[in-house]
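Each remark here refers to the structure printed beneath this line.
We use all heavy atoms of the structure for the numbers below, so side chains are in, but hydrogens, waters and symmetry mates are not.
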Amino acid sequence: MAATSSLQADGDKGKSSEASSKWLNAVSDPMTNIHTFPACMALADLHGDGEYELVVGDLGPDGRQPRLKVLKGTVLRESPLPALPAAAVTFLMESHEPQTPAVAIASGPCVYMYKNLKPYFKFSLPPLPVNPLEQDVWNQAKEDQIDPLTLKEMLEGIREKAEVPLSVQSLRFLQVELSEMEAFVNQHKSKSIRRQTVITTMTTLKKNLADEDAVSCLVLGTESKELLVLDPKAFTILAKMSLPSVPVFLEVSGQFEVEFRLAAACRNGSVYMLRRDSKRPKYCIELSAQPVGLVLVHKVLVVGSNQDSLHGFTHKGKKLWTVQMPAAILAMNLLEQHSRGLQAVMAGLANREVRIYQDKALLNIIHTPEAVTSLCFGRFGREDNTLIMTTQGGGLIMKILKRTAVFGEGGGEADPLLSQPVKLNVPRKTRIYVDQTLREREAGTAMHRTFQADLYLLRLRAARAYVQALESSLSPVSVTAQEPLKLHAVLAAEQGTLSSRLIPHGASDKPPEVGPGPQVVTLGRFFPGAWRGTPQEPVHFSNCRQPEGVGLPGAGMGPSRDYTGTRRTGSP
């Protein structure tokens with residue numbers, strides 16, 4: 001009975017958590033065997049039938065069996081790829097009907113185009129210039145003027161000193177064993193040397209319209225520290241831009257023929273911003289750690305770093321905010337809900353959480369059975385808001401956002417924003433503020449001079465008061481730091497008022513006079529050095545009298561104040 005009740009309690013708890021969640025569980029299959037990252041996932045209507053499909057550039061379980069996988073509903077189709085994919089995107093090549101997007105897979109030095117899931121075109125990066133010294137050395141080896149060992153020594157010297165890197169052929173030759181050198185030279189000495197770069201990242205850029213179904217260009221980042229913009233029809237290079245380092249993440253906004261902005265996160269730990277007709281970066285963001293993700297949310301660049309933090313920047317490099325994550329960031333992507341105009345960033349963490357942030361506000365936390373390595377949000381099938389995740393073990397998780405779900409700040413279980421600086425609610429500028437600003441602008445010099453004159457006068461008066469206190473031996477400097485000043489009430493019988501004065505701790509004062517006539521009595525204690533003599537003994541003053549007719553409370557011939565203090569023996 002106890003076991004049954006515990007199972008029922010667990011079931012009720014799971015139902016309640018699912019009911020309170022903003023997501024519906026659609027698919028959770030740990031055996032799908034998909035190994036990829038966010039740049040290799042895309043959603044598109046590949047056949048124009050209204051059914052959106054998932055396109056995945058799969059690396060394979062061991063990184064040796066790359067494949068192109070397309071998931072439509074529950075049907076998974078596969079086709080082999082010649083090399084490991086670096087990115088996968090879908091884009092429209094033509095504007096006429098029927099508008100069916102093409103699939104572009106960046107793999108090695110080539111971009112493979114697919115239309116209707118059939119090979120359509122292959123674009124290869126242009127070769128790079130070869131080192132002339134390397135070409136001359138291989139020509140000598142071709143004519144049998146040098147032996148393989150000498151060829152290796154000469155290539156090693158060129159690699160250490162030359163500015164132009166060696167070709168792949170030379171680098172492979174430097175890695176072979178001594179027994180295989182001669183066979184390698186005989187096999188490759190007749191081939192022409194080519195230095196080829198590879199693609200590191202890829203994205204799309206609208207060509208001349210901002211519509212969702214507009215024609216897009218391909219933007220490629222290469223290992224040779226360059227950015228290339230390709231024409232979607234002829235696949236020619238429309239623009240070429242240089243970077244100080246190798247780009248690994250790209251984000252673009254705008255249109256190529258109108259105006260566009262491009263952000264590239266590079267391996268040197270910096271993010272560079274480029275604009276139209278700029279051959280080199282216009283702005284640079286220097287990060288304190290290596291970037292692990294880059295997402296453009298409205299006009300804010302959200303950068304994830306390997307220091308477990310998210311940073312928000314403007315396009316000019318101004319830092320807006322920072323959010324610390326509880327674990328390492330494994331994947332990042334954009335969540336865009338068109339029906340509510342919401343854009344947020346999703347971050348898959350190593351602690352098996354997916355966190356959703358709008359700026360620095362935590363909107364939602366999703367717990368997964370395994371750590372998530374890739375994220376994709378959009379329309380899948382006929383559902384507009386579908387979240388697709390792949391895990392480290394190759395599993396596939398799909399969740400559908402409820403139509404009644406509304407994201408609000410603080411929707412997660414933990415909110416790390418309490419330690420973040422809060423933006424002040426600055427009131428609107430009033431007419432008085434504007435008039436004061438104009439007056440300060442017109443009479444700024446005179447106001448500054450008046451302020452300086454008053455400041456100097458204040459300093460002069462303070463210095464004079466200090467010198468006067470020193471000359472009158474009032475000892476205005478405090479003896480102890482705990483009691484810098486003492487407040488004493490003084491009864492001035494001559495004027496009939498009760499006044500107070502500040503006496504620094506350690507200062508000396510005269511003892512009250514005892515006897516008839518006008519008296520001044522200090523309430524408190526006498527300080528060391530007030531009377532002459534060394535030993536101290538308590539002293540009590542009573543019968544301190546005041547003159548008749550003064551009008552003070554309690555005035556008369558009888559005792560009006562008692563005083564208890566210390567006096568030094570041997571006083572006169």
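- Here the side chain of N364 pairs no donor or acceptor atom with the backbone of I356 at under 3.5 angstrom.
- The closest side-chain heavy-atom distance from M447 to R439 is below 4.5 Å.
- For the pair K360 (side chain) and L310 (backbone), a donor-acceptor distance under 3.5 Å is absent.
- Across all non-hydrogen atoms, the minimal contact from Q343 to V297 is O-CG1, 3.6 Å.
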**Study point:** From CA spacing to verdict: side-chain contact (heavy atoms from CB on, under 4.5 Å), T203, E251
**Key:** CA-CA 7 Å; T203 187; E251 282 292 342; 5.9 Å; no

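- E353 is listed as a side-chain neighbour of H367, based on a closest heavy-atom distance under 4.5 Å.
- Using a 4.5 Å cut-off on side-chain heavy atoms (C-beta onward), V406 and R340 make contact.
- When side chains are defined from C-beta on, M346 does not count as touching I366, because their heavy atoms never get closer than 4.5 Å.
- Side chain of S472 to backbone of Q468: a donor-acceptor contact under 3.5 angstrom is found.
- The shortest side-chain heavy-atom distance between L250 and L227 falls under the 4.5 Å cut-off.
- Put simply, the side chain of K206 gets close to the backbone of E212: a donor and an acceptor are under 3.5 Å apart.
- Around the CD atom of Q452, the shell of radius 6.0 Å holds more than 12 heavy atoms that belong to other residues, nucleotides or ligands.
- Between L238 and C217 the shortest heavy-atom distance is CD1-SG, 4.2 Å.
- Taking CG of L243 as the reference point, atom CZ of R267 lies at 12.0 Å (rounded to 0.5 Å).
- Residue-environment remark: CD1 (I432) stays at or below the threshold of 12 foreign heavy atoms within 6.0 Å.
- The backbone N or O of D308 sits less than 3.5 Å from a side-chain atom of Q324, completing a donor-acceptor pair.
- Atom CD of residue Q337 and atom CG of residue N385 lie 5.0 Å apart, to the nearest 0.5 angstrom.
- Aromatic ring pairs are classed by plane angle as parallel below 30°, tilted from 30° to 60° and perpendicular above 60°; the pair W23 and F407 is tilted.
- Taking the six-membered ring where tryptophan is involved, the planes of F260 and F256 are essentially parallel, since the angle between them stays under 30° and well short of 60°.
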